[in-house]
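Here's the structure, in structure tokens; my notes come after.
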Protein chains: 2
Amino acid sequence: MGLEERRKREKEQRRSAILNAARKLFFEKGFKYVTVDNIAKKSELSKGSIYLHFKSKEEIYTHILFSDIEKFNKKSAHLFQDNKSAAELILEFACIYFDFFLNDRELFRIMMTFMLHTEDMNLAESVNEHIIEVTNNTIKIIETILQHGIEQGEFPPDINVRQCRNAIWGFLNGIISLHLFTGKEASREERIRSTIKGSLSIFIKGLKSFRRSDEMISQNNNFQTI
Amino acid sequence: MGLEERRKREKEQRRSAILNAARKLFFEKGFKYVTVDNIAKKSELSKGSIYLHFKSKEEIYTHILFSDIEKFNKKSAHLFQDNKSAAELILEFACIYFDFFLNDRELFRIMMTFMLHTEDMNLAESVNEHIIEVTNNTIKIIETILQHGIEQGEFPPDINVRQCRNAIWGFLNGIISLHLFTGKEASREERIRSTIKGSLSIFIKGLKSFRRSDEMISQNNNFQTI
DNA sequence: GTCATTTGCTGACCAACGGTCATATGATGA
DNA sequence: TCATCATATGACCGTTGGTCAGCAAATGAC
């Protein structure tokens, strides 16, 4: 069985070499501007070999997104070690989430591209499922924090946890989208940080005083508007 | 002077023909999959003629984005006609904002693509400025609503209006990004609506009870985390 | 109306690029 | 050693955004 294992190992090594080469190039030049030829040369393989391992260029960057987000999720586990309030945890999570993309901006572009073009992408079916899964795992961290807040009595049990976790995640992505690539370079980081912190604090304050009756009133307003 | 005017008029007609043709095709097939050749044929011009009017394919779809957002902004002026609370106005704005993109999903993709790749796009300088301006006009609608809320005593004067308007806009885009192209098609619309409404209500509740002391506490927490 | 000049349009061309696959090369085992 | 199988290669292909030499049309002077 040594033969098969060696082959398997070598195949995996090649695959890693491709991903590592691609990752460097994408983050250096932007994934849109890196060609498969560039990746082939940097990984010291032929262009055709690339396609022995990946279905498409899109699949390469989706794999990179997958593994980076997976790392982020693991790293975020440390959040729960200290005994912090849920409010603190949300803000801290937001901070490390932003840092993650600030460190590799291209990764944010890749992620948003994935979200905007999910249906169009040329990926093996399993790749699609995997990326959706790890993305959901990120969102679930927020969910866990919210549940923690409910258990600790910080937030009322009335809140729609699923909805709030999506809202917080959407909010983070929206703010990052708004400021990470536009406006004066020098002030982008600080602007995102303060917007995230300031507005999440408002959201958290709203959460803390939430009553189910608030939701009902809101729905009534909706009927009147229609 | 009749000659120049006719020429000018004809040039403008050709330009409109191109934009109209492009708009139909983009929204039918997705802007990524429409070629300049397709646009040329549909507008009954040669491919080279397209480039007499627009610097690039990107500039075509940016122009479409520009004019559609401009229309949206004008249409949103009706928001202020009735005497509604700022809370109601925010929710109503959010609703029509989402409807705008629900109606033309490709437009949302174009907008997000613009935001993610602003620095990379092959546009005439003025086009870039114009699209940023109309986008800012959209954001300013939210700002006007917030100011209205402060004047009416709904929101405390302490709130950072500029930051909140960006937060709300970012939030809307983030939620739309999250759900417009992913998940079960049948439930996407409702999911976005309820997330926007539910979470904006929480945010608004937080706004209503905001005190500048809240902000200071939040900043202190930040120092402890670092 | 003719013709030189100016203006504008055309579509063949070009480079680039993702992806393919016939052919070549290397590994394996009898 | 050699037949067979597995894998790698890079020339090739179709496509696409953008270019521009050549052509067509418009204009205005005579």
Side-chain angles (χ1 to χ4, degrees), chain A residues 1-19 21-22 25-26 28-64 110 113-114 117 120-124 127, chain B residues 1-19 21-22 25-26 28-64 110 113-114 117 120-124 127:
Chain A
M1 294 301 278
L3 176 63
E4 274 218 13
E5 300 204 341
R6 177 177 58 78
R7 274 186 171 166
K8 208 169 174 179
R9 193 173 59 239
E10 283 176 353
K11 183 162 186 173
E12 187 51 43
Q13 280 172 351
R14 278 189 206 102
R15 198 167 166 286
S16 291
I18 294 168
L19 287 173
L25 289 168
F26 287 159
E28 195 176 291
K29 300 182 174 190
F31 77 94
K32 271 179 91 179
Y33 301 106
V34 174
T35 64
V36 177
D37 248 326
N38 298 150
I39 297 169
K41 281 191 177 65
K42 194 162 179 82
S43 45
E44 295 178 321
L45 293 169
S46 68
K47 190 176 169 195
S49 283
I50 304 290
Y51 291 92
L52 295 178
H53 298 269
F54 300 96
K55 194 176 179 188
S56 63
K57 184 185 169 186
E58 289 172 321
E59 196 170 285
I60 297 175
Y61 59 75
T62 301
H63 270 283
I64 289 167
I110 293 172
T113 298
F114 178 80
H117 294 280
D120 298 343
M121 295 183 89
N122 185 12
L123 309 174
V127 176
Chain B
M1 293 301 281
L3 176 63
E4 275 217 16
E5 300 205 340
R6 178 179 54 79
R7 274 187 170 164
K8 208 170 176 181
R9 193 174 58 240
E10 282 176 353
K11 184 162 184 174
E12 186 52 42
Q13 281 173 352
R14 276 189 207 104
R15 197 167 167 287
S16 291
I18 295 168
L19 288 173
L25 290 168
F26 288 159
E28 195 175 290
K29 301 183 174 189
F31 76 94
K32 270 178 91 178
Y33 301 105
V34 174
T35 63
V36 176
D37 247 325
N38 299 150
I39 296 168
K41 282 191 176 64
K42 193 162 180 80
S43 45
E44 295 180 321
L45 293 168
S46 70
K47 190 176 171 195
S49 283
I50 304 291
Y51 292 93
L52 295 177
H53 298 268
F54 300 94
K55 195 176 177 188
S56 62
K57 183 185 168 186
E58 290 171 321
E59 195 171 285
I60 297 176
Y61 59 75
T62 302
H63 270 283
I64 289 166
I110 292 172
T113 297
F114 179 79
H117 294 279
D120 299 342
M121 294 183 88
N122 184 11
L123 308 174
V127 177

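Residue numbering restarts at 1 for every chain, and letters A, B, ... go by the order of the sequence lines. Everything numeric here is computed off the predicted structure, so don't read it as measured data.
- In the set C/dC17, D/dT16, C/dC9, the nucleotide with an atom closest to the side chain of B/Thr35 is D/dT16.
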Self-check item: Contact letters for nucleotides 22-30 of chain C, in which S counts primed atoms plus P, OP1 and OP2 and B counts the base, heavy atoms under 4.0 Å
Solution: -----SSS-
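- The phosphate of D/dT16 has neither OP1 nor OP2 within less than 4.0 Å of any side-chain N or O from B/Asn38.
- A salt bridge links B/Glu10 with B/Arg6: at least one charged nitrogen is closer than 4.0 Å to a carboxylate oxygen.
- Atom CD1 of B/Ile50 and atom OG of B/Ser56 lie 12.0 Å apart (nearest 0.5 Å).
- Checked against salt bridge (Lys or Arg N to Asp or Glu O under 4.0 Å), A/Glu12 has the following partners two or more places apart in sequence or in another chain: A/Arg15.
- Place B/Lys47 and A/Val36 on DNA chain C by their nearest nucleotides, and B/Lys47 ends up nearer the 5' end.
- To the nearest 0.5 Å, atom NZ of residue A/Lys57 and atom OH of residue A/Tyr51 are 8.5 Å apart.
- Applying the ring-ring contact (aromatic ring centres under 6.0 Å, His included) test to B/Phe31 and every residue at least two apart in sequence or in another chain returns B/Tyr61.
- Note that CG of A/Leu52 and NZ of A/Lys11 are 7.0 Å apart. Values are rounded to the nearest 0.5 Å.
- Across residues 48-61 of chain B, B/Gly48, B/Ser49, B/Leu52 each have a non-hydrogen atom less than 4.0 Å from an atom of DNA chain C (numbered order).
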Taking only distance into account, with no hydrogens and no angle test, what donor-acceptor pairs under 3.5 Å do side-chain atoms of residues 38-45 of chain A form with protein atoms, sequence neighbours excluded?
residue : atom : partner : partner atom : Å
A/Asn38 : OD1  : A/Thr35 : N            : 2.8
A/Asn38 : OD1  : A/Thr35 : OG1          : 3.0
A/Asn38 : ND2  : A/Thr35 : OG1          : 3.2
A/Ser43 : OG   : A/Ile39 : O            : 2.6
A/Ser43 : OG   : A/Ala40 : O            : 3.4

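- The side chain to side chain contact (heavy atoms under 4.5 Å, CB included) search around A/Lys55 returns A/Glu59, A/Asn122, not counting sequence neighbours.
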